[in-house]
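Only one structure is covered here, and it is reproduced in the block below.
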Amino acid sequence: MNDDIFTFSSDCFNIGQILECGQCFRFDKISDNEYYITAFGKKLLIKQYSKEIMLSPTTNDEFEKLWKHYFDLETDYSKIQEILTANDFVMRDAVEFAPGIRLLNQDTWECLISFIISQNNNISRIKKIIENLCCRFGDESSDGSFSFPSPKILSEAKIKELVQCGTGYRAEYISRAAKKIHNGEIDLEDFKSLSTKELGDSLMKIKGIGRKVADCITLFSFARKDIFPVDVWSKRVMEHFYFNGNEVSINEIHQKAQKLFGCYGGYAQQYLYHYARNFL
DNA sequence: GTCCAGGATCGGA
DNA sequence: TCCGATCATGGA
């Protein structure tokens, strides 16, 4: 037995599906059942054998305080799947395709910057840009990984330096957001007490954050699990299966999602997004 | 060479 | 309120 390994068992947990479904960007695949992730300043190795999941290095205490919530292990996903698939054959296929998806509870600041970068971009490039930012502006830890750069360090970075990381025209957005948060004009901790509508509106006051990016931030790092972000893929899959292939407005997608999935919209969207990216 | 990516902003109708 | 052009970048 090794002290820095924590093992647990879970149904509805597949590390590959969790990480490859587009909700987070700081991970590296070693094999189908073995990944590194970096979150909350820690680099973690995750190995999965059937329902057994091993995390290292970590401790019992750290698991309880950090990883348990990060992997959303307090939530009963089999119950959510039951509700979503009860009367919906599309959701039945989407859930069956990736029943091990879980919604991670990510750091708000990292999530905010990551999804500003995500706009009009693809996942492999988003991963690379974030890695560049971390290597250049983050702090190196003893395990050789780099922390996500703080608001202070990004607010002090030159636009040219941000562009050199591959951020392109988004560099200005990153810089402005970092300044607003570093100078205290925006307090992401305070945002946690806002209603979902107020939270979205507040996020969209930041230049570079529109409806979709705000929705991703509120779903992935403020635990508003009813939110259904509409990007090109979730729009495509909704139009294909729920609008007879007809093109509709983003507002219509939101209304339909609300009607179909209600407070489980965030989970539904993640199953559908992942399903669509592999089959549409 | 063109098209696309977990889109947002801006100006003009 | 809605529409279209534009934005920086790299992979397909």
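Keep in mind that the numbers below use all heavy atoms, side chains included, and drop hydrogens, waters and symmetry copies. In what follows, chains carry the letters A, B, and so on, assigned in the order in which the sequence lines appear, proteins first and then strands, with residues in each chain numbered from 1.
- In this model, no side-chain donor or acceptor of A:Tyr173 finds a partner on the base of B:dG7 within 3.5 Å.
- Counting non-hydrogen atoms under 4.0 angstrom, A:Val232 reaches the backbone sugars and phosphates but no base.
- When distances are taken from the side chain of A:Val163 to each of C:dT9, C:dC7, B:dG6, the shortest belongs to C:dT9.
- Contacts of A:Gln269 with the nucleic acid, taken as non-hydrogen atoms under 4.0 Å apart, include base atoms.
- The nucleotide whose nearest atom lies closest to any side-chain atom of A:Val213 is, among B:dG6, B:dC10, B:dG7, B:dG7.
- Residue contacts shown for A:Cys21 include a base, since a base heavy atom lies under 4.0 Å away.
- Across the protein-nucleic acid pair, A:Ile123 atom CD1 and B:dG6 atom C1' stand 6 Å apart, rounded to whole Å.
- B:dG6 has no stacking from A:Trp233 on its base ring, since the centres under 5.5 angstrom apart and planes within 30 degrees of parallel are not both found.
- Counting any heavy atom pair closer than 4.0 Å across all strands shown, A:Ile116 reaches no nucleic acid atom.
- Contact annotation for A:Gly22: base contact, defined as any heavy-atom pair under 4.0 Å involving a base atom.
- For A:Arg236, whose side chain is taken as the heavy atoms from C-beta onward, the closest listed nucleotide among B:dG6, C:dG10, B:dA5 is B:dA5.
- Geometrically, A:Lys127 engages A:Phe27 in a cation-pi contact, judged by NZ or CZ lying under 6.0 Å from the ring centre and within 45° of the ring axis.
- Distances were taken from every side-chain heavy atom of A:Arg125 (C-beta onward) to each of B:dC10, C:dT9, B:dG6; the shortest belongs to C:dT9.
- Residues that satisfy the side chain to side chain donor-acceptor pair (under 3.5 Å) test with A:Glu198, not counting sequence neighbours, are A:Ser195.
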